[in-house]
Amino acid sequence: MIIHVLGTVNGIENEGMRNVATHLARSFEKIGHTVLYSGLRQISAIIQHSLKSDVTIVFARANKQVYWLVRMVTLLCKNVWVVCVQKPEAAFEQLNNQHPLKCSYLTIIESDVAEIKLSRNKVKQKIGVGISAEKFAPVSGEQARRLKQKYGFDPEKPLVIHVGHCSRGRGLEDLIVLQDAQRMVVASGMFEDESMVQKLEQDGVRIHKGFLENVEEIYQMADVYLFPTRSTEFVISIPLSVMEALSCGTPVIGYRSFANLMEIKCDPQGITCIDDCSEIPQILEGVANKSFLQNTKTWDAIAEDVLRLIEGGNT
């Protein structure tokens with residue numbers, strides 16, 4: 001099968017949508033399919049690849065611009081799927097519900113596409129989120145201590161981390177509450193708010209900017225993963241960083257207002273939900289010797305599921 005992946009796939013898993021797109025595209029190729037890539041602004045490549053492909057899969061936040069892009073692509077390729085890892089923006093929903101696109105949808109949260117109208121013979125299908133469990137694996141307490149020393153942290157003091165965007169709305173100012181802990185943010189380098197970076201650094205929070213190849217070591221040495229985002233506007237519906245932390249046996253603290261955390265199947269002690277940063281519980285010490293996740297799949301398995309849905313849902 002010739003699969004056209006339309007989106008930003010840069011080979012680096014440094015942002016939610018790109019992470020999903022990169023993993024699935026690599027798995028499609030590994031399975032034996034031909035993958036053609038087009039960036040969202042590469043109009044010539046989009047036209048050529050859409051005409052050549054058996055299926056076009058769009059990886060982009062569903063907004064007004066993407067609506068018109070998909071509408072063009074459906075004129076060139078009969079089998080078009082839009083991957084929604086976040087709820088579509090209101091402008092997309094309004095345009096689509098007036099004139100439904102001739103495409104189908106893949107989503108990681110069914111409620112994200114509940115209000116999207118479908119054109120004739122098109123479908124909405126839910127997919128899972130994969131995890132590279134061999135990479136994001138638990139380590140022993142002694143290994144965690146050695147990793148803390150490697151990265152210049154005191155092995156005797158608790159370490160709280162966050163991995164993702166260092167942007168306004170992410171809630172990272174909550175790290176300032178944790179004065180008795182060492183703190184680190186691995187920032188993707190995208191959507192950065194410099195004032196937020198400065199505020200955190202002035203309070204002693206360690207900031208690593210840009211892609212970190214061995215990011216699993218950060219999860220493995222951490223005592224707690226803090227996910228302080230309260231709104232789905234600033235993150236994909238199933239945060240991959242939360243799953244990676246849980247896979248490493250690192251407990252997660254998040255907010256009840258971000259209800260999608262409850263969609264993640266994990267051991268009860270894996271995620272602690274709070275209402276306010278003042279409720280952040282006492283730092284947990286030690287590292288679990290097993291993953292907190294339940295019934296996880298590899299990205300290759302998720303890719304095979306996606307292909308079955310695409311082949312079965314296209315009429």
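Predicted model only: the values in this text are computed from it and were never measured.
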Chemist: Determine whether H99 and Y67 make a side-chain contact, defined as any pair of heavy atoms from C-beta on separated by less than 4.5 Å.
Modeler: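 Side-chain contact under 4.5 Å: yes.
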
Chemist: Would you say the side chain of I310 lies within less than 4.5 Å of the side chain of I57, judging by non-hydrogen atoms?
Modeler: yes

Chemist: Please check if the side chain of R61 supplies one atom and the backbone of K87 the other of a donor-acceptor pair under 3.5 Å.
Modeler: yes

Chemist: Closest heavy-atom contact between F136 and E216?
Modeler: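 Result for this residue pair: CD2-CB, 3.7 Å.
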
Chemist: Would the number of heavy atoms belonging to other residues, nucleotides or ligands and lying under 6.0 Å from NZ of K102 be above 12?
Modeler: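 Open: at most 12 neighbouring heavy atoms sit under 6.0 Å from NZ of K102.
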
Chemist: Between T107 and E110, which heavy-atom pair has the shortest distance, and what is it?
Modeler: CG2-CA, 4.1 Å

Chemist: Flag yes if more than 12 heavy atoms outside E213 fall under 6.0 Å of its CD atom; otherwise flag no.
Modeler: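 For E213, atom CD is not crowded (no more than 12 foreign heavy atoms under 6.0 Å).
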
Chemist: With a 3.5 Å distance limit and no angle check, can you tell me whether Q182 reaches the backbone of K157 through a side-chain donor-acceptor pair?
Modeler: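 Answer holds: yes.
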
Chemist: Stepwise, does the side chain to side chain donor-acceptor pair (under 3.5 Å) test hold for Q198 with S195?
Modeler: CA-CA 5 Å; Q198 292 177 9; S195 63; over 6 Å; no

Chemist: Strictly distance-based, threshold 3.5 Å: is any side-chain N or O of Q94 a donor or acceptor partner for the main-chain N or O of A91?
Modeler: no

Chemist: Measure the spacing between CG of N79 and CD of E311 and express it to the nearest 0.5 Å.
Modeler: 9.5 Å

Chemist: Between L6 and H4, does the side-chain contact (heavy atoms from CB on, under 4.5 Å) criterion hold? Intermediate values first, please.
Modeler: CA-CA 6 Å; L6 204 175; H4 177 202; 4.2 Å; yes

Chemist: Test L106 against every option in V83, V113, V85 by the side-chain contact (heavy atoms from CB on, under 4.5 Å) rule and name the one that passes.
Modeler: V83

Chemist: Which pair of heavy atoms, one from A137 and one from A133, lies closest together, and at what distance?
Modeler: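 That closest heavy-atom pairing would be CB-O, 3.5 Å.
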
Chemist: So which heavy atom on C273 is nearest to which on L261, and how close?
Modeler: SG-CD1, 4.4 Å

Chemist: Any donor-acceptor pair under 3.5 Å linking the side chain of T74 with the backbone of R71?
Modeler: yes

Chemist: Quick check against the 3.5 Å criterion: does D203 have a side-chain atom that pairs as donor or acceptor with the backbone of V205?
Modeler: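 No.
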
Chemist: Can you get from V73 to L75 by hopping between Ile, Leu, Val, Met, Phe, Trp and Tyr side chains that sit under 4.5 Å apart?
Modeler: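 The answer is no; the residues belong to distinct hydrophobic clusters.
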
Chemist: With a 4.0 Å cut-off on N to O distance, would you call E173 and R183 a salt bridge?
Modeler: no

Chemist: Could you walk me through whether L307 and I3 satisfy the side-chain contact (heavy atoms from CB on, under 4.5 Å) test, starting with their C-alpha distance in whole Å, then the side-chain angles of each, then the deciding distance to 0.1 Å, before giving a yes or no?
Modeler: CA-CA 10 Å; L307 293 176; I3 302 170; 3.7 Å; yes

Chemist: Flag the pair D305 and K297 as a salt bridge only when some basic side-chain nitrogen lies within less than 4.0 angstrom of an acidic carboxylate oxygen.
Modeler: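 K297 and D305: salt-bridged.
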
Chemist: With distance as the sole test, does E93 use its side chain to make a donor-acceptor pair with the main-chain N or O of A90 at under 3.5 Å?
Modeler: no

Chemist: To the nearest 0.5 angstrom, please state how far the CG atom of N260 sits from the CD atom of Q86.
Modeler: 10.5 Å

Chemist: Applying salt bridge (Lys or Arg N to Asp or Glu O under 4.0 Å), name anything that partners K117, two or more places apart in sequence or on another chain.
Modeler: none

Chemist: Any donor-acceptor pair under 3.5 Å linking the side chain of N96 with the backbone of L101?
Modeler: yes

Chemist: Between I31 and A303, which heavy-atom pair has the shortest distance, and what is it?
Modeler: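 The pair with the smallest heavy-atom distance is CD1-CB, 4.1 Å.
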
Chemist: Give a yes or no on whether the backbone of Q269 and the side-chain of D267 come within a donor-acceptor separation of less than 3.5 Å.
Modeler: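 Absent.
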
Chemist: I want to check something: taking the side chain as every heavy atom from C-beta on, are M221 and K150 in contact at a cut-off of under 4.5 Å?
Modeler: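 They are not in side-chain contact.
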
Chemist: Does atom CD of E115 have more than 12 heavy-atom neighbours, drawn from other residues, nucleotides or ligands, at distances under 6.0 Å?
Modeler: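 No - once you tally the heavy atoms of other residues, nucleotides and ligands closer than 6.0 Å, there are 12 at most.
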
Chemist: Taking atom NZ of K126 as the centre, report whether more than 12 heavy atoms of other residues, nucleotides or ligands fall under 6.0 Å from it.
Modeler: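 Yes, the 6.0 Å shell around NZ holds more than 12 heavy atoms from other groups.
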
Chemist: From S104 OG over to N121 CG, what is the distance, rounded to the nearest 0.5 angstrom?
Modeler: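 Rounded to the nearest 0.5 Å, the OG-CG separation comes to 9.0 Å.
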
Chemist: How many angstroms lie between CG in N63 and CG in L69, if you round to the nearest 0.5 Å?
Modeler: 9.5 Å

Chemist: Indicate, with yes or no, if I2 and I47 share a hydrophobic cluster defined by side-chain heavy-atom contacts under 4.5 Å among Ile, Leu, Val, Met, Phe, Trp and Tyr.
Modeler: no

Chemist: With F258, which residues qualify under ring pair (Phe, Tyr, Trp, His ring centres under 6.0 Å), at least two apart?
Modeler: F227

Chemist: Please examine the side chains of I131 and T298, heavy atoms only from C-beta on, and report whether any two atoms are closer than 4.5 Å.
Modeler: no

Chemist: Side chains of V160 and L175: closer than 4.5 Å at any heavy-atom pair?
Modeler: yes

Chemist: Can D174 and R230 be counted as an ion pair, charged N to O under 4.0 angstrom?
Modeler: yes

Chemist: Is it true that K148 and D223 make a salt bridge, defined as a side-chain N closer than 4.0 Å to a carboxylate O?
Modeler: yes

Chemist: Looking at N214, I'd like to know if its CG atom is crowded, meaning that more than 12 non-hydrogen atoms belonging to other residues, nucleotides or ligands lie closer than 6.0 Å.
Modeler: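 Enclosed: over 12 neighbouring heavy atoms sit under 6.0 Å from CG of N214.
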
Chemist: Calculate, to the nearest 0.5 Å, the distance between atoms NZ and SG belonging to K135 and C248 respectively.
Modeler: 9.5 Å

Chemist: Does any N or O in the side chain of S132 come within less than 3.5 Å of the main-chain N or O of E134, such that one atom is a donor and the other an acceptor?
Modeler: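 Answer holds: no.
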
Chemist: Please determine if R206 forms a cation-pi arrangement with F153, meaning its NZ or CZ atom is less than 6.0 Å from the six-membered ring centre and no more than 45° off the ring axis.
Modeler: yes

Chemist: Going by side chain to side chain donor-acceptor pair (under 3.5 Å), name the pairs with one or both residues in residues 235-247, residues two or more places apart or in two chains.
Modeler: D112-S237, Y219-E244, Y225-S241

Chemist: Are a donor atom and an acceptor atom from the side chains of Y151 and E217 found within less than 3.5 Å of each other?
Modeler: yes

Chemist: side-chain contact (heavy atoms from CB on, under 4.5 Å) for H162 and L172? Distances and angles first, verdict last.
Modeler: CA-CA 8 Å; H162 179 80; L172 294 180; 3.4 Å; yes

Chemist: Is there a path from L309 to V35 through hydrophobic residues (I, L, V, M, F, W, Y) whose side chains come within less than 4.5 Å of each other?
Modeler: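 Hydrophobic grouping puts L309 with V35.
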
Chemist: If we only count heavy atoms from C-beta on, is the T56 to H49 side-chain gap below 4.5 Å?
Modeler: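 Answer no - side chains too far apart.
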
Chemist: Just do the side-chain contact (heavy atoms from CB on, under 4.5 Å) check on H23 and V20 with the steps written out, would you?
Modeler: CA-CA 5 Å; H23 277 296; V20 174; over 6 Å; no

Chemist: Grouping I, L, V, M, F, W and Y whenever their side-chain heavy atoms are under 4.5 Å apart, do W81 and L36 come out in a common cluster?
Modeler: no

Chemist: Quick one: closest heavy-atom pair of G249 and P138, and the distance?
Modeler: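 Closest approach of G249 to P138: N-CG, 4.2 Å.
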
Chemist: Are the side chains of L118 and K124 in contact, using a 4.5 Å heavy-atom criterion?
Modeler: yes

Chemist: Would W299 and M1 show up in the same hydrophobic cluster when neighbours are defined by side-chain heavy atoms closer than 4.5 Å?
Modeler: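 Yes: a chain of side-chain contacts under 4.5 Å links W299 to M1.
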
Chemist: Calculate, to the nearest 0.5 Å, the distance between atoms CZ and OH belonging to F59 and Y37 respectively.
Modeler: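 OH of Y37 is found 9.5 Å from CZ of F59.
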
Chemist: May I ask you to test the R26-T22 pair for a side-chain heavy-atom distance under 4.5 Å?
Modeler: yes

